[in-house]
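Every number for a ligand or one of its atoms is a count from 1 in the order of the listing.
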Amino acid sequence: MVEAVRTVVVRSERLPRRTFRALVELEGMYRNMVEQLVLYAVDNGITKFTRLKAERYREVRSLYPQLPSHYAYTACQDAAERAHSFLRMRKIGKARKPYPEVRNVSIWLDDRLWRAEGLTSISLATHRGRVRVSVELNKHFLRYVNRGWRLASEARVKLDHKERKLIFYITFKKEVSEYKPKDYVTVDVNEDAEAVLIDGIVYLLETGLSKVTLGYYYRRKRVQEKYDRVYGSGSRPARKIFKGLSNNERALKREIRWKLAALIVREAARRQAAVVLERLGREPANHMIEHVKDPQLRHRVFQAAFKGMQRAIEEKAREYGVPVVYVDPRNTSRVCPIHGAEIVYGRNRHGVCSKGGETWHRDVVACYNLLLRALGGDGGHAPSRMRALVTVDGGPVPLGPTAAHEPTGVPRSLWARWRSLGATSDRKLMRVSA
Ligand SMILES: [Zn+2]
């Protein structure tokens, strides 16, 4: 059994001043508790909720006796997590301040503190009794409810002071059992595309993720130069534009990753196949982003293109009960999957097998090698069909024709509209030219 978890954002309607004032008071008290708890936790090196609660619960509870007691409880959870991540950052020398700043507060809630009442209202326990707020009906929320996800007892709420609204972060959970794989779908994650091997065809699904990262990076840089000249460095208007750009960047990447992950995982689920991924190390795939010199930028490209994409696939896989298999990524594009001999690459992504003399596209090689490793690795439940086909000596049937050595390139504008890869039966796809 695996557990899939999703967070959905639900906004309340605009609240009456009186009600909102009570919530602002609540937020202030909660923030104060968290601040005190964080200070204590950091001073004493506490990262565990249970210990923090054991040592400080009484203290913070007595600060605000009018407040429902569970806020002191969730404040301990909140503070423990903040202290934990701060101490970890400090350990690796990335903390800039002696204490973590409690700037953004979202109030942690448990089942005593909040309750969904039907689909359109939420009741919240406060120091002034229960407050009931209407929430905007939300497409995402309904989708999870309808698909049998379970509403988790924990939630968070944030105050939108400008709009006088509440923003709820609601968690859904679902237990799914993984099936035993009968087949494999291998995924080779690249900077700007994802190569996917399904039913003997390698699709090269374009993501353009590193282009997105780099594009926004240079746009920010241009904005900065322009505004610094006019307003001086770090000006307010520049910061505002930066924030807008970052939000757009994040949303776009997120959308690309989720859509593609969903497409791949659904195909795997339909075939009862496992998804095969490269096992990413701490700083893997570095050779692929060597051309990016700025270390911070490299980090961002890596996070978006490799880690982010993998995580999206893992998340989706959990939801559908699709098993994920990890294999060693070393030299996956270097060796011919048929002859085991080295492939000599020219200047583009094409190479020639040093034994058989056949031409290969790098991503096709990687996909087949990932598959071979998955088959060899677990000895698994997958049928021997694939193994037999791939390892036939001399003239391997499915890999014989050169067409099989070319991936089918699919631009993002195309796959983004697909529900499944079956849509590829029409051959209007662009072929990656040899
Ligand atoms: Zn070969």
Show your working on side-chain hydrogen bond (donor to acceptor under 3.5 Å, both in side chains) between Asp192 and Ser210 and close with a plain yes or no.
CA-CA 6 Å; Asp192 279 313; Ser210 89; 2.9 Å; yes
Among the N, O or S atoms of Glu358, which one sits nearest to the Zn ion (ligand 1)?
OE2
Verify the ring-centre separation between Phe172 and Phe141: is it less than 6.0 angstrom?
yes
Can you give me the closest heavy-atom contact between Val176 and Glu319, atom names plus distance?
CG2-O, 3.5 Å
Calculate the angle formed at the Zn ion (ligand 1) by SG in Cys336 and SG in Cys353; 10° precision is enough.
110°
N, O or S atom within His339 nearest to the Zn ion (ligand 1), by name
ND1
Between Tyr57 and Phe49, ring centroids under 6.0 Å
no
